[in-house]
Amino acid sequence: MTGVAIRATDIAKQFGKVTALDHATFEVPRGIVFGFLGPNGAGKTTVIRTLLGLLRLDGGEAQVLGFDVASQSDSIRERTGALLEHDGLYKRLTAEQNLDFWARVWRIPRAERRRRIETLLTRLGLWERRSDAVAEWSRGMKQKLAVARTLLHRPELVFLDEPTAGLDPVAAAALRDDLEHLATEEGVTVFLTTHNLTEAERLCAQIGIISKGRVVALGTPAELRDAVGAASIIIRGPSITAAHVAMLRTRAGITNLTLLPDGVQLVLAPNASVTPLVRALIEHGAEIEEVRRERPTLERTFLELVSDDAQAAGVAAT
């Protein structure tokens with residue numbers, strides 16, 4: 001499936017004197033897991049609510065699955081699923097009863113809803129516990145069931161607002177695996193907000209970063225990392241000294257150089273090669289144990305992109 005699932009252009013939202021969205025612009029392709037990252041209060045949940053038509057925009061325009069959020073929000077909600085701050089589960093009911101209730105809300109025919117419930121519970125590893133009251137379940141299992149609820153009516157797009165928040169590492173990892181498989185098997189577009197940068201880097205084909213209501217970067221994880229700086233080269237060896245650093249400073253192609261306790265860290269100019277530098281170190285008596293290219297982490301990228309200095313300079317991967 002190709003095309004654009006979400007297109008937001010210059011969208012704005014004001015709550016009194018508070019600017020929640022400040023002319024944000026971004027697109028989400030169909031059929032991918034899209035990560036939407038930002039600090040608390042950056043505008044992530046406001047974006048989701050406006051895209052679902054639950055909040056009216058004060059400016060700009062947006063389309064979801066080809067429908068306008070201002071005039072066709074019913075059509076959007078019919079074709080999407082959402083897991084926001086409430087999981088939508090009834091704790092006294094069993095897992096099967098919960099999904100049967102929501103399937104009836106979506107007017108799914110009886111035979112089809114039985115098949116659909118079994119399929120989702122099986123894929124999420126919950127089928128054997130289908131007759132248990134949800135109140136007896138762990139938080140991780142409840143979150144899986146909540147995800148199943150969002151997928152019942154076969155939506156084209158699902159919004160998941162921090163689905164792994166509050167889960168222990170094992171439960172969070174299990175849910176991430178399930179989301180990855182479901183996105184592939186169900187063929188849905190997933191709009192995921194999360195504070196877990198490792199989670200975003202692993203799951204998301206593209207990432208948008210929002211800060212103070214503005215989308216400050218948009219691209220693949222690799223593109224975002226490249227936007228804030230080149231990869232560095234770590235050369236480790238017990239005999240690398242300040243004299244070797246002084247020698248390297250005379251060489252072309254190095255834009256930054258730092259002496260480490262057990263080696264040296266270099267940032268090279270575009271198209272510069274590390275091979276002659278390693279050769280020069282060896283010729284000057286250095287013993288080399290390791291040469292490693294180290295890309296900027298997504299955490300460093302995120303922190304730099306949401307910093308005031310980066311935004312003032314217009315740093316972005318869009």
Nearest 0.5 Å, what's the [atom1]-[atom2] distance between [X] and [Y]?
X: Ile11; Y: Arg214; atom1: CD1; atom2: CZ; value: 11.5 Å
X: His284; Y: Ile240; atom1: NE2; atom2: CD1; value: 13.0 Å
X: Leu224; Y: Gln206; atom1: CG; atom2: CD; value: 9.0 Å
X: Thr119; Y: Arg114; atom1: OG1; atom2: CZ; value: 14.0 Å
X: Arg110; Y: Ile108; atom1: CZ; atom2: CD1; value: 14.5 Å
X: Glu186; Y: Leu179; atom1: CD; atom2: CG; value: 11.5 Å

**OP:** Given side chain to side chain contact (heavy atoms under 4.5 Å, CB included), test Val215 with Val47 step by step and report yes or no.
**Re:** CA-CA 11 Å; Val215 175; Val47 165; over 6 Å; no
Using a strict threshold of under 4.0 Å (side-chain N to carboxylate O), is an ion pair present between [Y] and [X]?
X: Arg30; Y: Glu156; result: yes
X: Arg236; Y: Glu289; result: no
X: Asp100; Y: Arg113; result: yes
X: Glu78; Y: Arg107; result: no
X: Asp87; Y: Lys142; result: no
X: Glu180; Y: Arg202; result: yes

Where do [X] and [Y] come nearest, in terms of heavy atoms and distance?
X: Pro221; Y: Ala205; result: CD-O, 3.7 Å
X: Leu83; Y: Arg149; result: CD1-NH2, 3.9 Å
X: Leu124; Y: Ala148; result: CD1-CB, 3.6 Å
X: Ala62; Y: Ala8; result: CB-CA, 4.1 Å
X: Gly213; Y: Ala24; result: O-CB, 3.7 Å
X: Ser211; Y: Val216; result: CB-CG1, 4.3 Å

Would you say [X] and [Y] make side-chain contact, with heavy atoms under 4.5 Å?
X: Val69; Y: Ile76; result: yes
X: Trp137; Y: Leu126; result: yes
X: Leu99; Y: Leu152; result: yes
X: Leu37; Y: Ile210; result: no
X: Val33; Y: Phe191; result: no
X: Arg249; Y: Leu257; result: yes
X: Lys144; Y: Asp178; result: yes
X: Ile235; Y: Glu290; result: no

Is the side chain of [X] donor-acceptor paired with the backbone N or O of [Y] at a distance under 3.5 Å, no angle test?
X: Thr46; Y: Ala20; answer: no
X: Ser73; Y: Ala70; answer: no
X: Arg79; Y: Ser75; answer: yes
X: Arg130; Y: Trp127; answer: yes
X: Trp102; Y: Gln97; answer: no
X: Glu223; Y: Thr220; answer: yes

Do [X] and [Y] get their side chains close enough for a donor-acceptor pair, meaning under 3.5 Å?
X: Thr45; Y: Asp161; result: yes
X: Ser71; Y: Asp68; result: yes
X: Thr194; Y: Glu199; result: yes
X: Gln14; Y: Thr19; result: yes
X: His244; Y: Thr241; result: yes

**OP:** With salt bridge (Lys or Arg N to Asp or Glu O under 4.0 Å) as the test, would you mind laying out the steps for Arg49 and Glu85 before giving the verdict?
**Re:** CA-CA 11 Å; Arg49 291 186 172 278; Glu85 66 268 28; 2.7 Å; yes
Original post:
Given Thr189, which of Leu65, Ile6, Val4, Val28 fulfils the side-chain contact (heavy atoms from CB on, under 4.5 Å) condition?
Top reply: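 Going through Leu65, Ile6, Val4, Val28 one by one, the side-chain contact (heavy atoms from CB on, under 4.5 Å) with Thr189 is satisfied by Val28 alone.
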When hydrophobic residues are tied together by side-chain contacts of less than 4.5 Å, even through go-betweens, does [X] share a cluster with [Y]?
X: Phe159; Y: Leu55; value: no
X: Leu21; Y: Phe15; value: no
X: Val134; Y: Leu93; value: yes
X: Ile288; Y: Val245; value: yes

**OP:** Show your working on side chain to side chain contact (heavy atoms under 4.5 Å, CB included) between Ile233 and Gln265 and close with a plain yes or no.
**Re:** CA-CA 6 Å; Ile233 306 295; Gln265 181 175 7; over 6 Å; no
**OP:** Apply side-chain hydrogen bond (donor to acceptor under 3.5 Å, both in side chains) to the pair Thr9 and Glu61, showing each step before the final yes or no.
**Re:** CA-CA 5 Å; Thr9 306; Glu61 61 180 18; 4.9 Å; no
Subject >> Evaluation steps, side chain to side chain contact (heavy atoms under 4.5 Å, CB included), between Lys91 and Leu89 >> reply: CA-CA 6 Å; Lys91 307 302 187 291; Leu89 302 177; 4.2 Å; yes
**OP:** Give the intermediate values and the outcome of side-chain hydrogen bond (donor to acceptor under 3.5 Å, both in side chains) for residues Asp132 and Thr94.
**Re:** CA-CA 5 Å; Asp132 294 352; Thr94 67; over 6 Å; no
Subject >> Candidate pair Thr258 and Val264, rule side chain to side chain contact (heavy atoms under 4.5 Å, CB included), full reasoning >> reply: CA-CA 6 Å; Thr258 304; Val264 65; over 6 Å; no
Original post:
Is the His153 ring parallel, tilted or perpendicular to the Trp106 ring (thresholds 30°, 60°)?
Top reply: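 Because their plane-to-plane angle is under 30°, the rings of His153 and Trp106 count as parallel.
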**OP:** May I ask you to decide if the ring planes of Phe26 and Phe34 are parallel, tilted or perpendicular, using 30° and 60° as cut-offs?
**Re:**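 Rings of Phe26 and Phe34: parallel, as their planes differ by under 30°.
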Original post:
Does Arg292 CZ have over 12 foreign heavy atoms under 6.0 Å away?
Top reply: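 Enclosed: over 12 neighbouring heavy atoms sit under 6.0 Å from CZ of Arg292.
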**OP:** List, by chain and number, the other hydrophobic cluster members for Leu260, where Ile, Leu, Val, Met, Phe, Trp and Tyr join if side-chain heavy atoms come within less than 4.5 Å, directly or indirectly.
**Re:**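 Ile234, which link up through side-chain heavy atoms under 4.5 Å apart, make up the rest of the cluster.
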